[in-house]
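Structure first, then comments.
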Amino acid sequence: DVKVTQSSRYLVKRTGEKVFLECVQDMDHENMFWYRQDPGLGLRLIYFSYDVKMKEKGDIPEGYSVSREKKERFSLILESASTNQTSMYLCASSSRGRGTEAFFGQGTRLTVV
Amino acid sequence: DQQVKQNSPSLSVQEGRISILNCDYTNSMFDYFLWYKKYPAEGPTFLISISSIKDKNEDGRFTVFLNKSAKHLSLHIVPSQPGDSAVYFCAASARNYGQNFVFGPGTRLSVLP
């Protein structure tokens, strides 16, 4: 069965802390994505990666960075957490090519206080 | 500016009746469309998709219709069941122009018993 696993379901961090969100997929997918979900705004793309060590900015990359050292793992880093980064973070993966869907992890609810 | 729009934030229907969720897009490069369902505190799960070469795709109780000239798609759920109550996201991708998925803001469907 297809699986995308995010390291934490719930996280509470203080303003200014460095935060790591980890995501692992077991489907040998080339593409991996980080989205955040906020009420009324849907899912907004932060970063995506189409190969190991490759990354592309999405719509809202400011305040975030990513790392993809291995094909199965994609990390989202908040260099200095701020309260406006309180959100639901969703990792997804998909295979390269036409007609494929993205598979999502269970999400991480991050609260920055 | 949102490239994928879902103009109804919420929708209520009676159990057993038809639910129709609508989605509009602006980018004519989009050639693959998907619907996802999301329960609270979980990641989105894939429901059904349609390629731009088709105008209809069916899977059990779910049917997606695509009107390319109007840049409009809709998801029909027949018959609606209480377990269908969730947030539904429309998503689109332009397979020849990158591999990311652009999501709409979502529609919350409530199916009343």
Side-chain angles (χ1 to χ4, degrees), chain A residues 1-6 8-11 21 23 25 27 29-51 54-61 87-111, chain B residues 1-10 21-25 27 29-54 57 59 62 64 66 86-108:
Chain A
D1 203 16
V2 151
K3 208 156 186 189
V4 179
T5 304
Q6 295 182 227
S8 306
R9 291 294 297 267
Y10 300 94
L11 218 47
L21 302 183
C23 176
Q25 50 98 0
M27 295 163 282
H29 283 165
E30 294 83 5
N31 304 324
M32 294 189 76
F33 309 85
W34 276 106
Y35 290 89
R36 64 178 278 179
Q37 182 201 357
D38 300 289
L41 297 175
L43 277 65
R44 292 181 293 165
L45 182 65
I46 304 171
Y47 268 97
F48 71 100
S49 168
Y50 53 88
D51 205 345
M54 306 301 288
K55 60 185 178 185
E56 294 282 342
K57 291 180 180 178
D59 300 317
I60 50 164
S87 187
M88 168 72 91
Y89 289 87
L90 294 158
C91 174
S93 72
S94 73
S95 64
R96 194 171 293 156
R98 305 179 72 88
T100 61
E101 69 266 28
F103 296 88
F104 281 84
Q106 77 277 30
T108 297
R109 168 68 65 183
L110 172 67
T111 303
Chain B
D1 194 26
Q2 280 190 337
Q3 297 186 72
V4 177
K5 303 178 187 185
Q6 294 175 257
N7 291 323
S8 298
S10 62
L21 295 97
N22 293 304
C23 177
D24 297 287
Y25 61 95
N27 189 341
M29 295 298 187
F30 289 144
D31 59 4
Y32 189 63
F33 304 90
L34 311 92
W35 285 94
Y36 282 82
K37 173 179 176 180
K38 185 180 184 300
Y39 293 120
E42 292 184 15
T45 53
F46 170 74
L47 263 181
I48 193 168
S49 62
I50 188 166
S51 161
S52 59
I53 62 172
K54 293 186 172 182
N57 190 25
D59 184 2
F62 302 93
V64 56
L66 175 62
V87 177
Y88 289 78
F89 291 100
C90 173
S93 70
R95 306 304 284 174
N96 290 331
Y97 295 91
Q99 307 260 326
N100 17 321
F101 300 86
V102 180
F103 283 81
T107 296
R108 181 177 300 281

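In what follows, chains carry the letters A, B, and so on, assigned in the order in which the sequence lines appear, proteins first and then strands, with residues in each chain numbered from 1.
Atom OG1 of B/T45 is separated from atom CD of A/Q106 by 13.5 Å, given to the nearest 0.5 angstrom. Taking CZ of A/F33 as the reference point, atom CG of B/N100 lies at 6.5 Å (rounded to 0.5 Å). Separating the NZ atom in B/K38 from the CZ atom in A/F104 is a distance of 10.0 Å, to the nearest 0.5 Å.
Chosen from B/G43, B/P44, B/G106, B/A41, the residue pairing most often with chain A at heavy-atom distances under 4.5 Å is B/P44. Of the listed residues (A/P39, A/C91, A/G42), the greatest number of heavy-atom pairs within a distance under 4.5 Å of chain B belongs to A/G42.
Within 6.0 Å of CZ on A/R9 lie more than 12 heavy atoms contributed by other residues, nucleotides or ligands.
Nearest approach of A/Y35 to B/F101, heavy atoms of both residues: OH-O, 2.9 Å. Between B/L34 and A/E101 the shortest heavy-atom distance is CD2-CB, 3.5 Å. In terms of heavy atoms, B/P105 sits closest to A/G40 at CB-O, 3.5 Å.
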Dump the intermediate steps for side chain to side chain contact (heavy atoms under 4.5 Å, CB included) on B/F89 and A/Q37, then the final yes or no. CA-CA 11 Å; B/F89 291 100; A/Q37 182 201 357; 3.6 Å; yes
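The side-chain hydrogen bond (donor to acceptor under 3.5 Å, both in side chains) test applied to A/K55 returns no partner, not counting sequence neighbours. Taking A/Y89 as the reference, A/Y64 meet the side-chain hydrogen bond (donor to acceptor under 3.5 Å, both in side chains) condition, with sequence neighbours excluded.
Contacts between A/L45 and chain B at a heavy-atom distance below 4.5 Å involve the side chain alone, from C-beta outward.
Between the side chain of B/Y36 and the backbone N or O of A/A102 there is at least one donor-acceptor pair closer than 3.5 Å.
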